[in-house]
Amino acid sequence: MGENLVIVESPAKAKTIGKFLGNDYIVKSSFGHIRDLAKKNLGIDIENGFKPKYVVSPDKKKIVTELKSLAKEASIVWLASDEDREGEAIAWHLFDTLKLDPAKTRRIVFHEITKDAILNAIKNPRDIDINLVNAQQARRVLDRLVGFELSPVLWRKIKPKLSAGRVQSAALKLIVDKERDILKFKSKPYYKVDGYFIPEGTKTKVKSSLDKKFNTKEEAQNFLEKCQNSIFNIAGIDTKEATKYPAPPFTTSSLQQEAARKCGFSVSQTMSIAQKLYEEGRITYMRTDSTNLSKLALGTTKEYITNTFGPEYSKTRQYQTHSKGAQEAHEAIRPTFVNVEEIEGNGAEKRLYDLIRKRTIASQMAEAKVEKTKITIGGSSFSEKFHAQAEQIIFDGFLKVYIESNDDDNNEDDETTLLPILSDKQKMIGSEISATEKYTLHPARYTEASLVKKMEELGIGRPSTYAPTISTIIKREYVTKASKMGEPRDVSILKLSFDNGIANPSIEEKTKRETVGSEKGKLCPEDIGMAVSDYLSDHFDYIVDYNFTANVEESFDKIAAGKLVWNSSISDFYTPFHKKIEGALEDTNHVDTSRVLGVDPKTGKQVLARIGKFGPLVQLGLPDDKEKQFASLPKGVLIETITLDDALELFKLPRNLGQFEDKDVIVNNGRFGPYVRHNNKFVSIGKDNDPFTIDLPTAIQLILDYREKEIKKHIKEFPEEGIEILNGRYGPYIKQAKKNYKIPKGKVAEDLTLDECLEIISQPKESVTKRKKKSKK
DNA sequence: CAGTGAGCGAGCTTCCGCTTGACTT
């Protein structure tokens with residue numbers, strides 16, 4: 001048996017390192033942190049210098065006992081967690097929890113998983129850096145204090161089960177602030193002019209756009225009229241050589257962005273695919289903020305490029321990490337074996353691997369050389385200029401492998417065309433000039449990936465938390481991932497055509513219906529998210545401030561350098577913070593989320609929109625009014641954006657459609673969507689019908705369909721015991737007294753006897769409680 | 001898988017960062 005015990009954080013890492021180290025070493029993993037603050041009473045003894053109360057996490061008990069017994073037998077225990085704040089703390093927690101003997105314990109670190117790096121680390125052990133550990137304790141305690149004192153304020157002021165925290169509240173604020181910018185934004189029409197010309201002596205049509213945009217149709221018309229009597233010629237040719245550089249290899253954040261743009265993966269999808277690739281030994285670790293590549297990787301990549309494309313395509317580079325607060329404990333994300341072109345696996349895994357591999361290769365390739373040509377076309381009767389651009393690749397370099405994409409999908413002005421060889425002053429023959437009405441677009445909402453990019457820039461959150469943070473704010477219903485329909489607009493197009501270079505005497509005008517400003521899969525705030533963010537901004541502005549993290553990081557750095565005592569630093573923060581919390585709790589009033597929309601002309605009552613117990617609603621009548629009417633807001637409409645007319649429309653429900661079988665047929669909006677009620681039966685009307693327009697015959701048909709389905713639903717029943725066997729969404733099940741029971745595998749629903757049903761019912765419902773417990777953690 | 005409403009009880013909810021599983025009701 002091995003005499004040495006090496007403990008790392010990840011099991012996949014343990015496996016690789018185990019191979020390098022051989023039989024004298026047992027390599028085990030701690031699966032990340034093994035202890036955390038107790039959940040009860042904050043887990044912090046505030047009076048006693050913020051002393052943390054640590055408990056072994058329930059899911060880590062097993063691994064801790066295993067490590068304990070292995071450590072007892074080992075002659076040396078090597079703590080090999082990452083070389084950053086969290087990693088140092090993991091080493092210290094292990095040391096403390098496993099009760100290791102200092103004389104037999106070594107702390108080692110390495111940034112890359114190569115044999116050399118690990119052997120070198122073993123030759124150079126050090127002690128646990130307690131200052132760095134204290135910086136982590138400060139980080140942990142601060143986050144707990146902020147989260148567990150701020151959240152209860154929200155429970156009392158807005159709604160139970162809400163949450164606030166240093167990271168999630170800053171992320172939410174980014175989304176809410178963006179929405180406010182959009183609400184403030186006024187879309188303005190303008191006219192963009194495109195000119196198509198044929199250089200004299202050629203047959204190529206050159207597309208160009210005018211350097212001036214017109215605000216009105218008259219101005220655009222005016223310009224086109226000037227073009228009718230104009231001679232066009234080239235007013236300038238500007239040729240420049242430009243260099244394009246490859247992007248650095250992937251970090252977590254940049255991988256999430258590119259995978260979203262190029263493969264359409266969500267942030268969490270990308271991470272779970274990457275996790276799989278990592279476990280299979282295809283790529284290096286996927287949660288990293290570093291763009292660094294190991295010497296080994298640099299060497300093999302260079303060799304690969306030289307052999308595949310030739311030496312002129314190779315250029316070894318090491319990139320600087322620019323992101324705020326980067327800790328660089330790992331390498332960049334790269335393929336473990338760069339010459340493996342394709343891997344086994346499903347389509348998504350193959351695509352992500354390919355992306356990572358090409359990005360890594362490109363990062364080590366020569367820059368591309370391009371020749372950029374800009375031509376300017378002028379007219380004899382106007383001073384504005386048309387511009388066209390072309391780009392010619394002189395040396396492709398890294399472009400052979402990889403082209404980075406960007407977020408601006410509607411940046412038309414940058415488009416380039418192929419240009420024929422031209423000379424200055426050359427005559428250009430008019431072919432078509434058109435002025436198209438466009439609308440200025442509101443700022444773009446965040447996608448998951450662009451939010452991550454912004455968070456990284458601001459230093460908010462870590463590679464391991466980007467995806468979970470987004471899940472949290474979606475789970476709290478602060479934001480949703482939604483697609484926004486654009487607004488339909490009538491767009492005018494003015495067109496001047498030419499016949500053999502001679503302008504038509506008339507300018508043609510057309511109107512086209514277009515949707516302006518539609519967005520897909522964007523993060524949109526909900527009313528509750530806006531209320532929470534506004535409340536926090538009003539009362540705890542410095543916590544949700546984008547610079548809060550950056551500021552506390554500065555303190556953490558000082559603690560790590562031994563220049564600041566961690567608990568006195570926390571105390572400086574806590575004293576004023578806690579005072580504010582107490583102040584906020586003293587005022588027991590709920591946050592007022594209501595907005596008065598106006599007065600209902602029919603009843604003279606006030607109409608307001610607010611957040612109710614079950615979500616946002618509109619209300620006809622003030623709280624004091626005896627008779628009130630409620631309606632919940634439709635999806636995608638905010639309290640801030642709903643109008644009086646929209647609200648009045650909503651109050652038209654419930655509608656009585658008439659009688660069927662001597663009973664009223666009533667249509668209304670329910671918790672689970674619109675429904676028709678008849679004889680105390682509720683029938684969902686589905687997506688194809690609109691509750692505001694549905695008529696009696698359609699409703700009756702829905703009721704009849706429902707009855708037929710009900711009959712099919714009943715497989716068998718034992719009325720004496722009140723037992724029914726029904727056909728449900730997940731197959732047949734047993735129902736008694738409003739409770740449902742699963743039919744065990746291997747039994748046929750139709751053949752069940754009464755005794756068998758009773759037996760199934762008497763058995764404890766294990767699976768349900770088990771599942772609930774698990775999803776809670 | 002059930003269900004179509006808007007002031008009661010008691011006790012609970014919640015943070016950020018490390019890591020990887022495990023249910024298909």
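What you see is a predicted model, and the numbers here were worked out from it, not measured in a lab. Convention: sequence-line order gives letters A, B, ...; per-chain numbering from 1.
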For this session: For A:Asp36, answer base if it contacts any base atom (sugar-phosphate contacts may also be present), sugar-phosphate if it contacts only those atoms, and nothing otherwise; contact means non-hydrogen atoms under 4.0 Å.
Result: base

For this session: Measure from the side chain of A:Val167, starting at C-beta and using heavy atoms only, and say which of B:dG21, B:dA6, B:dC16 lies closest.
Result: B:dC16

Exercise. Reckon A:Thr472 touches a base, only the sugar-phosphate, or nothing at all at heavy-atom distances under 4.0 Å?
Worked result: sugar-phosphate

Exercise. Under 4.0 Å between a side-chain N/O of A:Ser10 and OP1 or OP2 of B:dT19, yes or no?
Worked result: no

Exercise. For A:Arg139, which contact category applies under a 4.0 Å heavy-atom criterion: base, sugar-phosphate, or nothing?
Worked result: base

Exercise. For B:dG17, does OP1 or OP2 lie under 4.0 Å from any side-chain N or O of A:Tyr466?
Worked result: no

For this session: For A:Gly32, report the nucleic acid contact type (base, sugar-phosphate, nothing); a contact means any heavy atom under 4.0 Å.
Result: base

For this session: Report yes or no: is the ring centroid of A:Phe31 under 5.5 Å from the six-membered base ring centroid of B:dT19, with the two planes under 30 degrees?
Result: no

Problem set entry | Protein-nucleotide distance (A:Asn41, atom CG; B:dG11, atom C1'), rounded to Å | 15 Å

Exercise. How far does the C1' atom of B:dC1 sit from the matching atom of B:dT24, given to the nearest Å?
Worked result: 14 Å

Exercise. In terms of the nearest nucleotide of DNA chain B, which residue is placed more toward the 5' end: A:His330 or A:Leu37?
Worked result: A:Leu37

For this session: Measure from the side-chain N and O atoms of A:Gln629 to the backbone N and O of A:Leu620, and report whether any donor-acceptor pair falls under 3.5 Å.
Result: no

Exercise. When you check the phosphate oxygens OP1 and OP2 of B:dT13, does a side-chain N or O of A:Arg476 lie under 4.0 Å from one of them?
Worked result: no

Exercise. Heavy atoms under 4.0 Å, any strand shown: does A:Ala164 hit a base, just sugar-phosphate, or nothing?
Worked result: sugar-phosphate

Exercise. Would you say A:Thr469 reaches B:dC16's phosphate, i.e. side-chain N/O to OP1/OP2 under 4.0 Å?
Worked result: no

Exercise. Side chain of A:Arg140, base of B:dC15: donor and acceptor closer than 3.5 Å?
Worked result: yes

For this session: Using a heavy-atom cut-off of under 4.0 Å over every strand shown, decide if A:Leu617 touches base, sugar-phosphate, or nothing.
Result: base

Exercise. Is there a side-chain polar atom (N or O) of A:Arg287 under 4.0 Å from OP1 or OP2 of B:dC18?
Worked result: no

For this session: Among B:dC18, B:dT13, B:dG17, find the nucleotide with the atom closest to the side chain of A:Ile90.
Result: B:dC18

Exercise. Quick one: which of B:dT20, B:dT14, B:dC15 gets closest to the side chain of A:Trp155?
Worked result: B:dT14

Problem set entry | Min side-chain heavy-atom separation A:Arg139-A:Glu86 under 4.5 Å | yes

Exercise. Is there side-chain contact between A:Tyr54 and A:Gln137, with at least one heavy-atom pair below 4.5 Å?
Worked result: yes

Exercise. Counting just side-chain N and O atoms, does A:Gln136 come under 4.0 Å of either OP1 or OP2 of B:dG17?
Worked result: no

Exercise. Would a 4.5 Å heavy-atom cut-off, applied to side chains only, mark A:Glu88 and A:Ile128 as touching?
Worked result: yes

For this session: Check every atom of B:dT20, B:dC18, B:dG17 against the side chain of A:Met286 and return the nucleotide holding the closest atom.
Result: B:dT20

For this session: Return yes if the base of B:dC18 and the side-chain atoms of A:Arg462 contain a donor-acceptor N/O pair under 3.5 Å, otherwise no.
Result: no

Exercise. Counting just side-chain N and O atoms, does A:Ser464 come under 4.0 Å of either OP1 or OP2 of B:dC18?
Worked result: yes

Exercise. Rounded to whole angstrom units, what separation is found between the OH atom of A:Tyr478 and the P atom of B:dT14?
Worked result: 10 Å

Exercise. Would you say A:Thr465 reaches B:dG17's phosphate, i.e. side-chain N/O to OP1/OP2 under 4.0 Å?
Worked result: yes

Problem set entry | Passing candidate, side chain to side chain contact (heavy atoms under 4.5 Å, CB included) with A:Thr16, options A:Val8, A:Thr284, A:Ile113, A:Val27 | A:Ile113

Exercise. Which is true for A:Pro152 with a 4.0 Å heavy-atom rule: it touches a base, it touches only sugar-phosphate, or it touches nothing?
Worked result: base

Exercise. Does the A:His578 side chain pair with the main chain of A:Tyr574, one donor and one acceptor, at a distance under 3.5 Å?
Worked result: no

